[in-house]
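The next block holds one structure in the form of C-alpha cells; read it before the comments.
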Protein chains: 2
Amino acid sequence: MITFEEAEIRSRIIKAMAHPVRLMAIDLLKEGEKSFSSLNDMFDLDKSTVSKHLLVLKEAGILSSRKEGADMIYRLEVPCVTDFFGCVTAVIESNVKRQQVCLCKR
Amino acid sequence: MITFEEAEIRSRIIKAMAHPVRLMAIDLLKEGEKSFSSLNDMFDLDKSTVSKHLLVLKEAGILSSRKEGADMIYRLEVPCVTDFFGCVTAVIESNVKRQQVCLCKR
DNA sequence: TCGCTTGTTGGTATAGTTGCCAACAAGCCA
DNA sequence: TGGCTTGTTGGCAACTATACCAACAAGCGA
C-alpha cells in the first residue's frame with residue numbers, strides 16, 4: 001500500500017499527461033525529436049498556450065528541450081509513457097463493452 | 001498520430017486517475033474488492049469527499065460498485081491501470097537521475 | 001414502524017487550470 | 001547594429017476541481 005506522499009508525486013506526473021494537447025504532443029514526439037514550431041503547427045492554439053503545455057510536460061520530467069539555432073527542439077525523455085495508452089485503450093474498450101460510454105458524451 | 005477527439009477521450013480517463021486519493025483507492029482495490037467504509041477509513045477526509053472521488057473513477061469506467069446489504073462494495077474493473085504505475089515510477093527515477101526533482105517540491 | 005447506520009447529492013467557498021493577448025528575450029542575418 | 005523570427009513570460013478572465021457541511025435516501029434490525 002502506497003503512502004499519501006507517494007500518491008501525490010505520482011499524481012503530479014499523471015496530471016501532467018491529463019490534457020488532450022499534452023497527450024498529442026507525447027504522441028507526436030514518440031517517433032523522435034521535433035521542433036517547437038512543427039509541434040505548434042499541429043494545434044489551432046496560440047503559441048504561448050502550446051509553449052505552456054510543453055512546459056508542464058518538461059516540469060514533470062516527461063520531455064526535455066534544447067536550443068538549436070533559432071529553434072527549440074523537444075524530446076520525449078521517458079518513452080514508456082506511451083505504454084500508458086495501451087491501458088487507457090483497454091479502459092475505453094471495457095467501457096464500450098459494458099455500454100458505459102459515459103466518457104464519450106459531455 | 002491520434003486525433004484531437006481520441007486524445008480528449010484518453011485525457012478524461014487519465015484525468016480520473018490524476019489525484020492522490022484516487023490513486024490510493026486504485027492501489028487499495030488492486031488486491032480485491034473493498035467496502036466503501038473500509039476505503040473511507042484510509043483517508044482523513046469527509047465521507048462525501050471520498051464518495052465523490054470514487055464516483056469520478058466509476059464514471060471513467062475504472063471502478064464499479066454494487067450494493068451488498070447496508071454496504072457498498074467497490075471493485076477495480078480494469079486492473080491493468082496499475083501497470084501505469086510502473087511507468088510513473090520510471091519517470092520519477094529518471095527525474096532523480098537527472099537531478100530534476102522539480103516534482104518533489106511545491 | 002422507528003430509529004440507526006451507511007453512503008450519496010446539493011450547495012458553497014476556495015484553489016487550480018486553461019487560453020488569449022501583450023510584452024519581452026534570444027538568435028540570426030542583412 | 002537594426003530588424004526579423006522564434007519561443008517564453010506576465011496578466012487576466014473564464015472555467016473546472018476540490019473539500020466541507022447539511023440534507024437526503026436506502027437498508028437493517030429492534
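Just so we're on the same page: letters track the sequence lines, and every chain starts at 1. Any value given below was found using the heavy atoms of this structure, including those in side chains, with hydrogens, waters and symmetry copies removed.
- Connection of L39(B) to V81(B) is established within a shared hydrophobic cluster, with ILVMFWY side chains joined at heavy-atom distances below 4.5 Å, either directly or through further cluster members.
- Between the CG atom of D44(A) and the C1' atom of dC20(C) there is a distance of 13 Å, given to the nearest Å.
- Distance NZ (K47(A)) to C1' (dT18(C)): 19 Å, rounded to an integer number of Å.
- The 5' end of DNA chain C is approached more closely, in terms of each residue's nearest nucleotide, by V56(A) than by the other of V56(A) and G69(A).
- Counting to the nearest Å, the P atom of dA17(D) and the CG atom of L45(B) are 18 Å from each other.
- Side-chain contact check for V78(A) versus I62(A): every heavy-atom pair is 4.5 Å or farther apart.
- Remark: Y74(A) is in phosphate contact with dT8(D), judged by side-chain N or O atoms under 4.0 Å from OP1 or OP2.
- If you check dT9(D), dG7(C), dA19(D) against the side chain of D71(B), the one that comes closest is dG7(C).
- Between the side chains of S65(B) and K58(B), at least one donor-acceptor pair of N or O atoms lies under 3.5 Å.
- Going from atom NZ of K67(A) over to atom P of dA26(C) covers 9 Å, rounded to whole Å.
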Kindly list each side-chain donor-acceptor pair under 3.5 angstrom involving residues 23-36 of chain B, sequence neighbours excluded, with atom names and distances?
{"unit_1": "D27(B)", "atom_1": "OD1", "unit_2": "K30(B)", "atom_2": "NZ", "d": "2.8"}
{"unit_1": "D27(B)", "atom_1": "OD2", "unit_2": "I2(A)", "atom_2": "N", "d": "3.2"}
{"unit_1": "E33(B)", "atom_1": "OE1", "unit_2": "R66(B)", "atom_2": "NH2", "d": "2.3"}
{"unit_1": "E33(B)", "atom_1": "OE2", "unit_2": "R66(B)", "atom_2": "NH2", "d": "2.9"}
{"unit_1": "K34(B)", "atom_1": "NZ", "unit_2": "L28(B)", "atom_2": "O", "d": "3.3"}
{"unit_1": "S35(B)", "atom_1": "OG", "unit_2": "S37(B)", "atom_2": "OG", "d": "3.3"}
{"unit_1": "S35(B)", "atom_1": "OG", "unit_2": "S38(B)", "atom_2": "N", "d": "3.2"}
{"unit_1": "S35(B)", "atom_1": "OG", "unit_2": "S38(B)", "atom_2": "OG", "d": "3.3"}

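- Phosphate proximity of dC20(D) to T49(B): present, with a side-chain N or O under 4.0 Å from OP1 or OP2.
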Using atom names, set out every protein N or O paired with an N or O of nucleotides 11-16 of chain D below 3.5 Å, distance rounded to 0.1 Å.
{"unit_1": "dG11(D)", "atom_1": "O6", "unit_2": "K52(A)", "atom_2": "NZ", "d": "2.9"}

**Request:** Kindly indicate, with the supporting measurements, whether the criterion salt bridge (charged side-chain N to carboxylate O under 4.0 Å, His left out) is fulfilled by R10(B) and E8(B).
**Result:** CA-CA 5 Å; R10(B) 287 182 184 183; E8(B) 225 173 351; over 6 Å; no
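- Between V50(B) and L45(B), the shortest heavy-atom distance links the atoms CG2-CB, 4.1 Å.
- Hydrophobic clustering keeps L76(B) apart from L55(B) (ILVMFWY residues linked when any side-chain heavy atoms are closer than 4.5 Å, directly or through intermediates).
- Across the protein-nucleic acid pair, L55(B) atom CG and dT9(C) atom P stand 6 Å apart, rounded to whole Å.
- Rounded to whole Å, the distance from CZ on R66(A) to C1' on dG7(D) is 16 Å.
- Remark: H19(B), R22(B) in residues 16-43 of chain B come within less than 4.0 Å of DNA chain D through at least one heavy atom.
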**Message:** Is there a side-chain contact (heavy atoms from CB on, under 4.5 Å) between F4(B) and V21(A)? Walk through the geometry before answering.
**Reply:** CA-CA 8 Å; F4(B) 190 79; V21(A) 168; 4.0 Å; yes
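- Residues A18(B) and S11(A) share a closest heavy-atom pair of C-CB, 4.1 Å.
- E93(B) places no side-chain N or O within donor-acceptor distance of the main-chain N or O of A90(B), the cut-off being under 3.5 Å.
- Considering only the side chain of H53(B), dT18(D) comes nearest among dT18(D), dT8(D), dG19(C).
- Within the structure, a side-chain polar atom (N or O) of S51(A) is placed less than 4.0 Å from OP1 or OP2 of dT8(D).
- I73(A) places its CD1 atom 12 Å from the C1' atom of dT6(D), with the value rounded to the nearest Å.
- When distances run from any side-chain atom of M72(B) to the nucleotides dT8(C), dA19(D), dT6(D), the shortest one goes to dT8(C).
- Look at S48(B) and you won't find any side-chain N or O under 4.0 angstrom from OP1 or OP2 of dC20(D).
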